[in-house]
Amino acid sequence: MSFLVGENIFGGYGGADILHGCTVSVEKGEIAVIVGPNGAGKSTAMKALLGMLTVREGAVRLNGNDITHLSPQDRVSEGMAFVPQTNNVFAGMTVQENLEMGAYLRRDDITETMEQIYSLFPILGEKRRQMAGELSGGQRQQVAVGRALMTKPSVLMLDEPTAGVSPIVMDELFDRILEVRATGIAVLMVEQNARQALEIADRGYVLVQGENKYTDTGAALLADPDVRKSFLGG
Amino acid sequence: MTDLLNALVLMLNFVIIPATSYGAQLALGALGVTLVYGILRFGNFAHGDTMAFGTMFTIFFTWLFQGLGLSLGVLPTALLALPFGIGVTALYAISIDRLVYRHYRVKRSAPVILTIASVGVMFVTNSVVRFLIGTNEQRFSDGQKFIIKARDFKEWSGLSEGMKLKTTEALTVVVAGIAVAALFWFLQRTRMGKAMRAYSDNEDLALLSGINPERVVMVTWIITAALATLAGVLFGLDKSFKPFTYFQLLLPIFAAAILGGVGNPLGAIAGGFVVAFSEVMVTYPYKKFLKYVMPENLEPSGLMQLLTVDYKFAVSFIILVAVLLIKPTGLFSGKVIRA
Amino acid sequence: MSQSLRPILLFAAMAAALLAVGFGQGWPVMLVILNLCLISAVMSVGLNMQWGYAGLFNAGVMAFVAVGGMVAVLISEPPVMVGWEAGGARILVAGVMVATFSGLIYALRRFISRRWIKNWGTAALLVAAYFIIRPVFEGGVTAVESIAAASAGNLGGLGLNILVSWVVAAVVCMGVAWVIGRIALGLRADYLAIATLGISEIVVAVAKNEEWLTRGVKNITSLKRAPVPRETNLQQAEWFQNLVSTLSGTNPGDADFKTTVIEASSIFVKLCFTGLFTIVLGIVLFLAIRALNSPWGRMMRAIRDNDVAASAMGKNVVRRHREVFIVGAAILGVSGAMLTTLDGQFTPTGYQPLRYTFLIWVMVIVGGSGNNLGAVLGGFVIWFFWIEAEVAAQWISVNMEKVLTPYLDVVLISLGEGSLKVQHGVTWLKNAAPHFRYLLMGMVLLLALRFSPRGLIPEAGAARAH
């Protein structure tokens with residue numbers, strides 16, 4: 001039994017189903033990546049795990065507990081953290097305030113966590129008094145991830161963290177995500193840059209039309225000629 | 001030299017002092033409007049009448065305390081009544097939110113629907129005020145009227161122009177200063193204040209961070225009610241209380257908020273002073289002033305008044321039009337609460 | 001209830017209510033209400049074009065109504081020749097200068113693309129215009145206002161039939177709306193609201209203070225209102241006396257004949273207005289419905305429901321908004337001129353935003369945003385309640401006084417007039433009664449918006465989710 005599982009999920013945003021029996025899971029200290037063509041329901045699958053859409057059938061379990069009917073806010077307090085694809089920082093607040101807001105639900109001392117994040121993302125420490133909106137795209141993504149980590153989550157979910165950033169920044173971000181994994185957090189990502197993402201993935205899911213098409217380790221998927229041909233451009 | 005001093009005193013007495021206290025009143029009003037814009041994302045047409053509501057209750061408590069023989073000596077009794085007025089107004093604002101605005105917030109209605117709902121609230125609030133205190137003018141300032149009397153100043157300085165400083169004018173600036181400092185401390189330093197800014201900045205992310213929107217909205221209404229009551233009471237002490245005048249303050253207050261950039265508290269304060277100074281300076285007759293500063297043979301013949309007081313609303317309007325034409329986001333590019 | 005039956009039943013109920021007033025409170029009272037219902041309906045149709053068709057928040061309905069009223073004065077009043085001789089020329093020159101500077105500013109903004117030249121140039125021209133025109137204008141104004149200040153002190157008007165002003169009011173209001181539209185359309189919806197609110201305050205300030213134009217707070221009374229006759233003239237007219245005699249069966253010699261004639265003349269005059277207003281409402285309604293169902297109207301609704309998609313499809317949203325704003329303003333202007341015609345006088349202090357702006361909003365929201373018949377019904381229903389609410393409040397307070405006084409001799413702390421006074425609760429109630437209708441209207445607006453956002457007669461086929 002994995003740490004976070006979405007099992008056989010059917011559902012959508014009120015209209016027709018977008019997910020048709022999709023199953024995704026991730027273990028602590030692992031990176032799982034969801035890839036697939038446009039419109040395959042990758043982000044939708046992640047939002048289903050977070051409770052941002054109506055799950056008509058199937059179940060979401062966190063650490064063995066059924067959380068299918070919890071609100072997103074309640075899941076956050078259960079230890080799930082989410083980094084949206086866009087608008088994922090408080091642009092009018094400083095980097096430090098962004099991190100503080102990430103820890104809004106915590107009542108204990110957050111200075112230690114904040115120091116950990118500054119050591120994980122040194123650039124944020126340097127710019128802690130700057131407005132997040134004034135930072136570069138890559139730095140902003142770091143703020144976004146940092147904000148999500150402030151709750152000391154057990155699962156970190158990232159919706160296309162590398163969308164719109166340069167290849168160098170992308171590599172750096174992936175390095176950081178590997179470091180996050182090293183702290184024992186379960187990481188679940190949706191990615192457009194499928195090849196690079198699968199390279200760091202422990203598990204990979206190839207979604208097509210809301211269904212699992214291929215499921216294997218990242219390396220195995222990269223090696224699979226069918227997957228290469230259809231989804232990784234040869 | 002004396003002429004120049006006289007001219008300066010004239011300006012201080014008729015332009016700078018009155019405009020400063022009026023500016024502080026407008027700034028407090030505009031802060032309330034801008035907070036509602038920033039957090040609840042609609043233009044609140046009921047704000048002028050909320051000011052009247054808060055002032056009315058402060059007047060009631062003032063009368064009550066006067067009846068009981070309580071007073072603050074040289075300061076107006078209204079100061080003592082102010083916290084009670086704010087309390088009643090905050091309760092009223094929260095109830096209105098529960099009964100009216102929350103529904104549209106949950107449904108995520110377009111802002112303009114909330115604005116129309118605020119028109120309904122304006123009607124209701126207006127009628128409550130008419131019911132309880134009537135439509136007549138009320139003066140409720142007591143205590144010492146002047147800090148500096150014009151005659152005393154003349155005797156002291158030997159100038160022919162006098163300068164007066166009303167207690168209410170000084171009080172306005174002091175109280176507004178304290179209120180603004182407290183507001184900025186709250187927004188900048190407290191957990192709740194930061195949560196409000198976060199909610200204003202990025203609602204979805206604020207929800208993801210576990211910020212409770214209903215708490216944020218409730219605190220916003222409490223602060224808005226406090227600011228509205230403060231603005232209304234200080235205006236009423238300085239001039240007088242008349243419900244319709246408070247409705248008419250909507251225009252300069254919105255002009256100030258838009259000039260500063262909606263949702264920007266610092267901008268709202270700056271906007272309040274810009275509007276107030278423009279209004280007073282444009283409607284002030286400069287004849288006497290020019291007499292002092294110009295050579296004798298160049299004395300002006302007319303009043304040298306740019307606009308009569310009857311058209312003071314035109315000043316707010318012209319400022320508004322200029323902002324809309326030139327920089328619709330305002331001087332300090334608003335939209336979210338930034339402290 | 002079927003779609004087509006609902007409006008018929010609602011209008012029938014409205015008619016029944018009016019008839020009940022006729023039988024209960026008398027026909028003159030009923031006709032007074034009916035005439036203002038008709039004018040309200042025209043206003044409501046005008047605002048409905050702006051809000052219902054296009055979703056524009058016009059918080060300055062009063063501006064257009066007041067402009068319409070002023071136009072009625074300026075068209076129908078006879079010119080005051082002494083006033084013209086005294087200062088008319090200077091005011092005219094000032095007017096020409098205003099036009100010249102406006103043209104210059106327009107040309108500057110139109111033909112020069114550098115932003116800073118545009119803005120600073122406009123500012124410079126405005127300042128120059130102010131200092132050049134003002135002395136000319138003021139000299140004229142002082143001269144005009146000092147002539148026969150007690151009876152005139154103004155320039156008067158063109159001395160034309162007041163009906164002409166109904167058309168001219170539309171044209172003038174279109175101009176005003178064009179200017180406001182240039183400034184405030186295309187920005188956030190509430191910016192338009194604030195801008196229009198500002199304009200309405202200024203228009204009323206002009207009406208109150210520019211005595212050379214409108215006599216200001218000295219008011220203009222006894223406007224000529226041809227083609228509708230005056231009551232006193234009617235009472236003298238032989239044909240009218242004969243008519244009354246035939247209809248009532250009384251004879252000129254009878255004791256109560258005179259009162260019958262007076263009453264009949266009042267009813268006759270009101271009926272004349274009813275006829276005129278019905279014709280106007282009919283024309284306006286016909287055109288509004290035609291416009292709504294034309295390609296233009298369909299496009300307008302498409303823009304309202306999704307302006308992003310509409311502008312992506314190449315529709316010029318701001319331009320369409322300006323068009324509908326101008327057309328709606330024209331209708332509001334006509335209603336303003338009609339109102340002043342009916343009143344027979346122009347009293348600037350009477351223009352209150354709650355009555356002339358926000359009450360019209362209640363009419364549109366309650367009637368049915370986007371539906372013209374709904375707007376008409378809203379105008380009728382809300383005006384009816386506005387009037388009858390006060391009557392009801394008076395009646396309730398009087399009766400409560402009767403009922404309560406003997407039993408409830410308790411005192412209430414009165415909250416009015418300078419200090420906490422001890423007063424009978426009933427007395428307070430009586431004083432508060434006139435304000436009851438503001439509460440009622442606020443509640444009606446809030447309840448309609450909440451529980452019946454599509455109104456009494458909803459827009460056909462609209463799936464607007466508020």
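Order of the sequence lines sets the chain letters (A, B, ...), proteins ahead of strands, with each chain counted from 1.
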Heavy atoms only: give me the nearest C/Gly442-B/Phe123 pair and the separation to one decimal.
-> CA-CB, 3.4 Å
Turns out that what part of C/Phe131 lies under 4.5 Å from chain B's heavy atoms comes down to side chain
Top of C/Asn119, C/Leu197, C/Val206 for chain B proximity - count of heavy-atom pairs under 4.5 angstrom | C/Val206
What option among B/Ile59, B/Ile116, B/Leu250 has the most heavy-atom pairs under 4.5 Å with chain C?
-> B/Ile116
Between the CE atom in C/Met441 and the CE atom in B/Met122, the distance rounded to the nearest 0.5 Å is 13.5 Å
C/Arg134 versus B/Leu307, closest heavy-atom pair with distance | NH1-N, 4.0 Å
Side chain, backbone, both or neither: which part of B/Leu324 has a heavy atom under 4.5 Å from chain C?
-> both
Interface residue of largest heavy-atom contact number with chain C, from B/Val121, B/Thr308, B/Val128, B/Thr125, under 4.5 Å = B/Val121
Could you tell me which portion of C/Gln352 (side chain, backbone, both or neither) has an atom closer than 4.5 angstrom to a non-hydrogen atom of chain B?
-> side chain
Side chain / backbone / both / neither for B/Asn126 at chain C, heavy atoms under 4.5 Å | side chain
Side chain, backbone, both or neither: which part of C/Arg437 has a non-hydrogen atom closer than 4.5 Å to chain B?
-> neither
Is the closest side-chain heavy-atom distance between B/Phe131 and C/Tyr438 below 4.5 Å?
-> no
Answer with yes or no after comparing the ring centroid distance for C/Tyr191 and B/Phe254 against a 6.0 Å cut-off, counting only values under it.
-> no
Whatever's closer than 4.5 Å to a heavy atom in chain C on B/Phe42 counts as backbone
The reported gap from CG in C/Leu446 to OH in B/Tyr101 (rounded to nearest 0.5 angstrom) is 8.0 Å
Bottom line for B/Thr115: the part with an atom under 4.5 Å from chain C's heavy atoms is both
Which bit of C/Ile365 comes within less than 4.5 Å of chain B, counting heavy atoms only: side chain, backbone, both or neither?
-> side chain
Report, as yes or no, whether the 6.0 Å neighbourhood of atom NZ on B/Lys242 holds more than 12 heavy atoms from other residues, nucleotides or ligands.
-> no
Near B/Phe84 CZ, under 6.0 Å, is it more than 12 heavy atoms from other residues, nucleotides or ligands?
-> no
Counting only heavy atoms closer than 4.5 Å, note whether C/Ala59 contacts chain B via side chain, backbone, both or neither.
-> side chain
Flag side-chain contact, heavy atom, 4.5 Å: B/Thr135 against C/His435 | yes
Flag side-chain contact, heavy atom, 4.5 Å: C/Lys208 against B/Asp310 | no
More than 12 foreign heavy atoms under 6.0 Å from CZ of B/Phe244: is that the case here?
-> yes
Engaged part of B/Leu99 at the chain C interface, taking heavy atoms whose separation is under 4.5 Å | backbone
Residue, of B/Val124, B/Leu306, B/Leu320, B/Thr62, that accumulates the most heavy atom pairs under 4.5 Å with chain C | B/Leu306
For B/Tyr311 against C/Ala205, the heavy-atom pair lying closest together | OH-O, 3.6 Å
Closest heavy-atom contact between B/Phe317 and C/Ala195?
-> CE1-O, 3.1 Å
Do you know which of B/Ser127, B/Ser316, B/Pro252 has the most heavy-atom pairs with chain C at a distance under 4.5 angstrom?
-> B/Ser127
Quick check: does any side chain N or O of B/Tyr104 sit under 3.5 Å from a backbone N or O of C/Arg450, one acting as donor and the other as acceptor?
-> yes
Please flag which part of B/Met56 lies under 4.5 Å from any non-hydrogen atom of chain C: side chain, backbone, both or neither.
-> neither
What's the shortest heavy-atom distance between C/Ile194 and B/Leu251, and which atoms?
-> O-CD1, 3.9 Å
Student check: side-chain heavy atoms of C/Phe57 and B/Val119 closer than 4.5 Å = yes
Minimum heavy-atom separation for B/Ile113 to C/Leu449, with atom names?
-> O-CD2, 3.9 Å
If you round to the nearest 0.5 Å, how far is CG of C/Leu354 from CZ of B/Arg130?
-> 6.0 Å
